[in-house]
Amino acid sequence: MPSKTKRASRMTQDGRMTLRVQLILLQALIVAVVTLIAGVTAGVIQARTIRDAYEDRMLAVAQSVASMPVIRAAFDDDDPSATIQPLAEAIREASDLTYVVVADADGIRFSHPNPARIGQRVSTDPTIPLSGRIWMGTETGTLGSSWRVKVPIFDDDSEVIGTASVGILESEGAGEFAGNLFWIIGAMLVAVVLGVFGSAWVTAVIRRRIHLLEPHEITALVRNQETTLHGLSEGVITVGADGVITLVNDAAARLLGSDAAGLTGAAAFEVLGEELLAVLRDGEDSGRPVIVGSNVLVARSTGARVDGETVEATLLLRDHTELHDVVRRVDAADAIIAFRQRAGLPKGLSAETLERVASALAMHPDASAAELGAEMSISRVSARRYLEHLASTGRALRSLDYGTKGRPGTRYRANEPVSTSQ
């Protein structure tokens, strides 16, 4: 069970490595590669440094031997080695070198760490120093492969009379390099370990910043946000603390008469009007009507300043153009109704037709609704509604007609005021 739990913590449900494991592995790999490159470079530089240091020391020793008057004068002795060998050995031991060999122009040794080699010809080619030039390099002699320096020995007339060869076994230089390499490798391992722990810490920080989400979860959230944001009928505009628009959805772009790509990254003061900028700056919770072009918008904002500091703000825009038109139509209808009510006319009756009915009734006293409708070319029902209104307002009188079959009919006559003469 524990092993399955650990494995589950390293893998997502679809079998992929978690972001934590991926980040640690990637960073550890980068640290390891960089450390390896740095270690190899340091090793190469260290090897070159050791080689250069030995060559500088050998060159200085060889030139000092070649310039010693005692050694140059000994070339004229019957037994030059009796003078040169003790000096050469003393210099070799003091300089911590493998050998100091002095030879004449024929290549016959006057000194050697192994006294048995004195009087024998040198084992390597002395041509270059005998020509008056200095030679440095690696050769294999009687003591093995060594780093060596060969310099010419001149007499008082500047003629080459011999050579001074100084060297150290290559294995000794390699041993010193190996000792330094141990510390280099140790430093590399410490750097890798610290890098891994650092990678784990950085990974933990990054995962906390993204709320421990995995890449596929972040992708899903982004897609959902894009779908929701651009599917809203309400416009959404986000402006950073620097006054640059960072987010615009399709609805906001449509309401502003532009496109989202053109608005994103633009300065807010360049694309938003004064009214919208005021809402954005001051903040508005309940909403403030704003006219943008031909649109009537209600703008809300979180405000761009908190405690005197500029912060990121979000501007919400809702289109109320159609609602505004409806309200205007309702207001107009209410005005018409109010006018009719003030005029005393019920809904559906017009003052002009009412006056025509009243005039016709005055000309045809004691008429029915059917008779007046025929006279005015309107329907009996319409004539009856106008006659009833005249009767209800006292401008006409009703009377029942029992001369008709069935139910008694209603007849109307104008109720004109009676004028009396004096």
Side-chain angles (χ1 to χ4, degrees), residues 232-235 251-252 254-257 273-276 278-279 284-300 316-422:
L232 290 174
S233 59
E234 192 174 49
R254 175 177 53 80
L255 294 175
L256 296 179
E274 290 295 332
E275 292 181 297
L276 290 180
V279 174
E284 183 67 49
D285 295 331
S286 59
R288 184 186 304 176
V290 176
I291 305 297
V292 178
S294 60
N295 296 325
V296 179
L297 308 180
V298 173
R300 293 184 292 124
L316 303 178
L317 304 175
R318 179 170 292 179
D319 190 2
H320 278 212
T321 304
E322 294 182 0
L323 179 61
H324 182 69
D325 292 341
V326 171
V327 170
R328 288 171 56 190
R329 293 191 185 101
V330 170
D331 290 342
D334 289 343
I336 293 173
I337 292 173
F339 173 77
R340 287 176 174 175
Q341 289 176 345
R342 288 193 301 270
L345 292 178
K347 183 178 180 180
L349 301 184
S350 68
E352 181 182 355
T353 304
L354 181 64
E355 293 303 321
R356 287 178 59 204
V357 172
S359 299
L361 183 61
M363 295 175 61
H364 301 83
D366 195 28
S368 65
E371 292 171 350
L372 280 181
E375 179 67 21
M376 298 178 62
S377 300
I378 60 176
S379 68
R380 180 184 63 83
V381 174
S382 296
R384 180 180 175 81
R385 289 185 62 193
Y386 282 100
L387 290 170
E388 285 293 323
H389 177 70
L390 291 174
S392 65
T393 57
R395 296 179 62 185
L397 299 175
R398 303 187 191 89
S399 63
L400 296 179
D401 183 8
Y402 292 98
T404 60
K405 296 180 179 180
R407 294 174 54 186
T410 303
R411 302 189 71 81
Y412 302 89
R413 60 187 179 87
N415 184 21
E416 299 293 342
V418 178
S419 57
T420 58
S421 57
Q422 299 297 328

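Position 1 is the first residue of the sequence, and the numbers go up from there.
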Are any non-hydrogen side-chain atoms of Leu387 and Thr410 less than 4.5 angstrom apart? no
Testing the basics here: between Ala299 and Leu276, what is the closest heavy-atom pair and its distance to 0.1 Å? CB-CD2, 4.0 Å
Between Arg395 and Glu355, is the closest basic N to carboxylate O distance under 4.0 Å? yes
So how far is it from Ser359 OG to Leu354 CG, rounded to the nearest 0.5 Å? 9.5 Å
Pairs where residues 359-372 contributes a residue and the test salt bridge (Lys or Arg N to Asp or Glu O under 4.0 Å) is met, not counting sequence neighbours: Asp366-Arg411, Glu371-Arg411
Would you check if Leu390 and Tyr412 make a side-chain contact, meaning some heavy-atom pair closer than 4.5 Å? no
Would a distance-only check, ignoring hydrogens and angles, find a side-chain to backbone donor-acceptor pair under 3.5 Å from Tyr386 to Ala369? no
List the atom of Ala362, the atom of Ala414, and the distance in Å for their closest heavy-atom pair. CA-CB, 4.2 Å
Would you give the length of the straight line joining atom CZ of Arg384 to atom OG of Ser368, rounded to the nearest 0.5 angstrom? 10.5 Å
Does some side-chain heavy atom of Arg398 sit less than 4.5 Å from a side-chain heavy atom of Glu388? yes
Can you name the closest pair of heavy atoms from Thr353 and Met376 and give their distance? O-CE, 4.4 Å
Should we say atom CZ of Arg413 is surrounded by more than 12 heavy atoms from elsewhere, each under 6.0 Å from it? no
Examine distances only and state if a side-chain atom of Asn415 and a backbone atom of Gly394 form a donor-acceptor pair shorter than 3.5 Å. yes
